[in-house]
2 protein chains.
Amino acid sequence: MAESGLTSGTRPGAENLLFLTDDQLRRGIEAMFFAYRGFTADPDRILAEKSYGRAHHRALHFIHRSPATTVNNLLDILGVTKQSLNRVLRTLIDDGLVESKVGQKDRRERHLFLTDAGRDLERVLSEAQRKRMRAAYREAGPEAVAGFQQVLQQIMDPRLREHFEQLKDAP
Amino acid sequence: MAESGLTSGTRPGAENLLFLTDDQLRRGIEAMFFAYRGFTADPDRILAEKSYGRAHHRALHFIHRSPATTVNNLLDILGVTKQSLNRVLRTLIDDGLVESKVGQKDRRERHLFLTDAGRDLERVLSEAQRKRMRAAYREAGPEAVAGFQQVLQQIMDPRLREHFEQLKDAP
DNA sequence: TTGGAAAGTCAACAAGGCTGACATAAACTG
DNA sequence: CAGTTTATGTCAGCCTTGTTGACTTTCCAA
């Protein structure tokens, strides 16, 4: 049943390229669209209560992942302008969720850290997101998860894939 | 699950749950974030040239997929307010990419269709998106693609999954 | 010492979400 | 038939989050 459901009874041989039909690609595109909505739904609800937005979540996430990261590095990861990021960072700093420390080696740079309160919010947000992912992973099983990761990695722009890989090796 | 155990050789036993660690989940979350950026990058570039946005693309896509769809159905799929959709639809209709026809059975409804010009733009946008997906699929291989679809489907909200399934069976 | 990088800020704007209020036409219901 | 509900459209105003451009301050490095 699993087999026929996945491959319609055909074996994935070298010549079997049905998974590359426009129809299969369309299904993948629509799946990405609908899944991304679910992916962001739970954090979005929590953020709305606190009058924050997705942009704040992203900043919290990547500062959490890479403590002491610089503004420039964050700009590169997030792919927005410094004005856009600054607005978000400003509110997070003013609200005491993020701390900005002048660099020791290069005192022009600012190194970003989560405060205790910042870590708290980050934990609530990411746990909500993980909960859904965990359920999805469990339903789909480890092999599906491996495929999921592989395809997503290929969809990324090479420059972003580097960031992704770098984060993989973070402590 | 029992079946995937049979076909894969990995039994989802108590000890083999490493794919559910918080670290694996975090990797999946970041992969979704970076991949979605790539996913939208190519259409976004084309849309920007024509002063359209992602919202226009979404409308074109789903009208293309479900010709004669009603405004209400589109609202449900897209998950935005009618005011938001109307703004987008208005420009598409004014620009001659979408046609709105009064319903025959129920004359309160409007049925939406792409014009030739609308189909042209939809084709350009979706081909750009498919190109990237095709390359990703080819690199990852059919088994990975199957897993990719499975996990995405599980991430969706149930209500959206129904829409997704319904589109699967469309002509 | 000076050029340029890093960061921050101000102003203005746009897309695309949202709410609320209201209008119209058509269908449905008692 | 009168009243209600449904589907759609529209106006006005707000918010978040993106953009560009201009400008300043700090300060490293050649």
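Numbers restart at 1 for each chain; the letters A, B, ... are given by sequence-line order, proteins then strands. Hydrogens, waters and symmetry mates play no part in the numbers below; they use all other heavy atoms, side chains included.
Between the side chain of Arg87(A) and the base of dG8(C), no donor-acceptor pair of N or O atoms lies under 3.5 Å. The base of dT6(D) is paired with the side chain of Arg108(B) by a donor and an acceptor separated by under 3.5 Å. Not a single donor-acceptor pair, N or O on each side, falls under 3.5 Å between the base of dG17(C) and the side chain of Arg54(A). Residue Gln83(B) places no side-chain atom within donor-acceptor reach of the base of dG13(D), judged by atom type and a 3.5 Å distance cut-off alone.
Projected onto DNA chain D by closest heavy-atom contact, Ala55(A) and Lys105(A) fall at different nucleotides, the more 5' of which corresponds to Ala55(A).
Applying the 4.0 Å criterion to OP1 and OP2 of dA7(D), one finds that Arg110(B) has every side-chain N and O outside that range. For dC18(C), one of the phosphate oxygens OP1 or OP2 lies less than 4.0 angstrom from a side-chain nitrogen or oxygen of Thr81(B). Side-chain nitrogen and oxygen atoms of Asn86(A) include at least one within less than 4.0 Å of the OP1 or OP2 phosphate oxygen of dT9(C). Contact annotation: Arg90(A) side-chain N/O to dT9(C) OP1/OP2 distance is under 4.0 Å.
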Worked verdict on Arg159(A) versus Asp157(A) for salt bridge (Lys or Arg N to Asp or Glu O under 4.0 Å): CA-CA 5 Å; Arg159(A) 229 195 73 261; Asp157(A) 269 347; 5.8 Å; no

Between Asp42(B) and Lys131(B), does the salt bridge (Lys or Arg N to Asp or Glu O under 4.0 Å) criterion hold? Intermediate values first, please. CA-CA 9 Å; Asp42(B) 304 318; Lys131(B) 185 177 176 183; over 6 Å; no

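Within the 3.5 Å criterion, the main-chain N or O of Leu97(A) finds no donor-acceptor partner in the side chain of Asp95(A).
If you measure from atom CD of Glu109(B) to atom P of dA27(C), you get 10 Å, rounded to the nearest angstrom. Between the CG atom of Leu85(A) and the C1' atom of dG8(C) there is a distance of 11 Å, rounded to whole Å. Rounded to whole angstrom, the span from the CG atom of Leu74(A) across to the C1' atom of dA7(C) amounts to 13 Å.
Within 4.0 Å (heavy atoms only), His111(A) reaches no atom of the nucleic acid at all.
Heavy atoms only, all atoms of each residue included: Leu167(A) and Arg65(A) are closest at O-NH2, 2.6 Å.
Under the 6.0 Å cut-off for aromatic ring centres, Phe33(A) and Phe39(A) do not qualify, their centroids lying 6.0 Å or more apart.
Considering only the side chain of His56(A), dT17(D) comes nearest among dA7(C), dC28(D), dT17(D). Out of dG9(D), dA26(C), dC18(C), the shortest distance to the side chain of Ser100(B) is found at dG9(D). Checked against dT8(D), dT17(D), dT9(C), the side chain of Lys82(A) finds its nearest nucleotide in dT9(C).
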